[in-house]
2 protein chains.
Amino acid sequence: MLERLHSWLRQATPAVEWNSVALSTLALLGRRGRLRITDLVAAARITQPGMTSLVARMATAGLVVKEADPADGRATLVSVTPAGHAYLEQIHERRAEVIAGHVRGLSPARLQSLIGALDALETLAAQPITPGAEPR
Amino acid sequence: MLERLHSWLRQATPAVEWNSVALSTLALLGRRGRLRITDLVAAARITQPGMTSLVARMATAGLVVKEADPADGRATLVSVTPAGHAYLEQIHERRAEVIAGHVRGLSPARLQSLIGALDALETLAAQPITPGAEPR
DNA sequence: AGAAACTATATCACAAACTTATATAAGTCA
DNA sequence: TGACTTATATAAGTTTGTGATATAGTTTCT
């Protein structure tokens, strides 16, 4: 059911210079504000050293900044820079464009049903992944 | 809109041993039957040598088989083995399980709207990606 | 307070998966 | 037939990720 939709959505993303883990990490930071590397690791399917190096690369590219956590000397707080936000926005627009082009081709009835389901889809997307998603 | 849904769907996929390009390639083969490497390249965001090695790895793992194309001596036809189909099915079930768990949590009204939109979503997913998806 | 145990991040060496450039073999066409 | 073109393979180098482990800071327990 939603299977094909997923791979379709993936392909609807115009080719970008950052991989999917990087993009969803950046998007997560954009939504939640500053987070520690450990928190980012928990949300992505990558190991801690992998996230450390990803954050370092994104910092070099100017998308994020790392600052010391005043509350915990071991931790590093990562947050999105204005350039990072602009980049996210740009990606968003490019995808929206592609998707809109296809949505426009739907029959009015289908379009209507899709609009009606937006709320449900948003609700779904807002749910954290719980079940067997993260194998212990 | 459909932005977050995408990353949600990605995370709803239980961790697997094959990356997303491999899975969608395998799924494509499952749907379309035997295809040449060049066709697979066109559908995935990967270069030809990358696809050649991916196919080689999947063949080693027993998910696909390569055969000479009787109609074109240069080409190789790739198709899914029974084990490959079983693997696809298994992934499908695992994902369906995770998704179903979440869908069940929706309010009846939202669930209804979602069901109503399935047809539209299927239609969308069946459309080839056209616009600026594949930069020349 | 002080030592032991735990936690957050970093570093290192190695492996996997790509990429670009190029080779090889097979088909196409004037 | 000979000059192109096309389909896949190979090779070398790069990027991105992993596992093991180090380092420094925080807790906990007595």
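The chains referred to below are lettered A, B, ... by the order of the sequence lines, with proteins before strands, and numbering in each begins at 1. Just so you know, these numbers come straight off a predicted model, no measurement behind them.
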Legend entry - side-chain N/O B:Arg57 vs C:dC18 OP1/OP2, d < 4.0 Å: yes

Inset, instruction - Using whole Å, report how far CG of B:Leu40 lies from C1' of D:dA7. - result: 12 Å

Legend entry - Heavy-atom check, side chain of A:Thr25 versus side chain of A:Ile46, under 4.5 Å: no

Legend entry - Closest listed nucleotide, where the reference is the side chain of A:Pro49 and the choices are D:dA20, D:dA9, D:dG25: D:dA20

Inset, instruction - May I have the distance from A:Arg36 (atom CZ) to C:dT7 (atom C1'), rounded to whole angstrom? - result: 9 Å

Inset, instruction - Whole angstrom is fine here: how far is it from CE in B:Met58 over to C1' in C:dA16? - result: 16 Å

Inset, instruction - Taking only the side-chain nitrogens and oxygens of A:Thr52, find out if one of them lies under 4.0 Å from OP1 or OP2 of C:dA10. - result: yes

Legend entry - 4.5 Å side-chain heavy-atom contact, A:Leu77 and A:Arg36: yes

Legend entry - Closest listed nucleotide, where the reference is the side chain of B:Asp72 and the choices are D:dT8, C:dG27, C:dA8: C:dG27

Inset, instruction - Side-chain contact test, heavy atoms from C-beta onward, threshold under 4.5 Å: evaluate it for A:Arg45 versus A:Val21 and give yes or no. - result: no

Inset, instruction - Measure the distance from CG on B:Asp69 to P on D:dT8 and round it to the nearest whole Å. - result: 8 Å

Inset, instruction - Answer yes or no: does a side-chain N or O of A:Lys66 lie under 4.0 Å from OP1 or OP2 of C:dA10? - result: yes

Inset, instruction - Report the residue (A:Ala71 or A:Glu17) whose heavy-atom-nearest nucleotide on DNA chain D is the more 5′ of the two. - result: A:Glu17

Inset, instruction - Write down the distance between CD1 (A:Ile37) and P (D:dG17), rounded to a whole number of angstrom. - result: 14 Å

Inset, instruction - Tell me what B:Thr47 touches on the nucleic acid: a base, only sugar-phosphate, or nothing, going by heavy atoms under 4.0 Å. - result: base

Inset, instruction - Answer yes or no: side-chain N or O of A:Gln48 and base N or O of C:dA10 forming a donor-acceptor pair under 3.5 Å. - result: yes

Legend entry - Sub-4.5 Å side-chain heavy-atom contact between A:Ser113 and B:Leu121: no

Inset, instruction - Select base, sugar-phosphate, or nothing to describe what A:Asn19 touches, counting heavy atoms under 4.0 Å on all strands. - result: sugar-phosphate

Inset, instruction - For A:Thr76 and A:Ala68, indicate whether the former's side chain and the latter's backbone hold a donor-acceptor pair under 3.5 Å. - result: no

Inset, instruction - Under 4.0 Å between any heavy atoms, over every strand shown, what does A:Leu54 touch: base, sugar-phosphate, or nothing? Just pick one. - result: nothing

Legend entry - A:Leu77 CG to C:dA8 C1', straight-line distance once rounded to whole Å: 11 Å

Legend entry - Short side-chain N/O contact to D:dT8 OP1/OP2 from B:Arg74, under 4.0 Å: no

Legend entry - A:Asp39 CG to C:dT9 C1', straight-line distance once rounded to whole Å: 13 Å

Inset, instruction - Measure from the side-chain heavy atoms of B:Ala75 and tell me the nearest of D:dA9, C:dA8, D:dA7. - result: D:dA7

Inset, instruction - Remember a base hit wins even if backbone is also touched, and classify B:Gly73 as base, sugar-phosphate or nothing at under 4.0 Å, heavy atoms. - result: sugar-phosphate

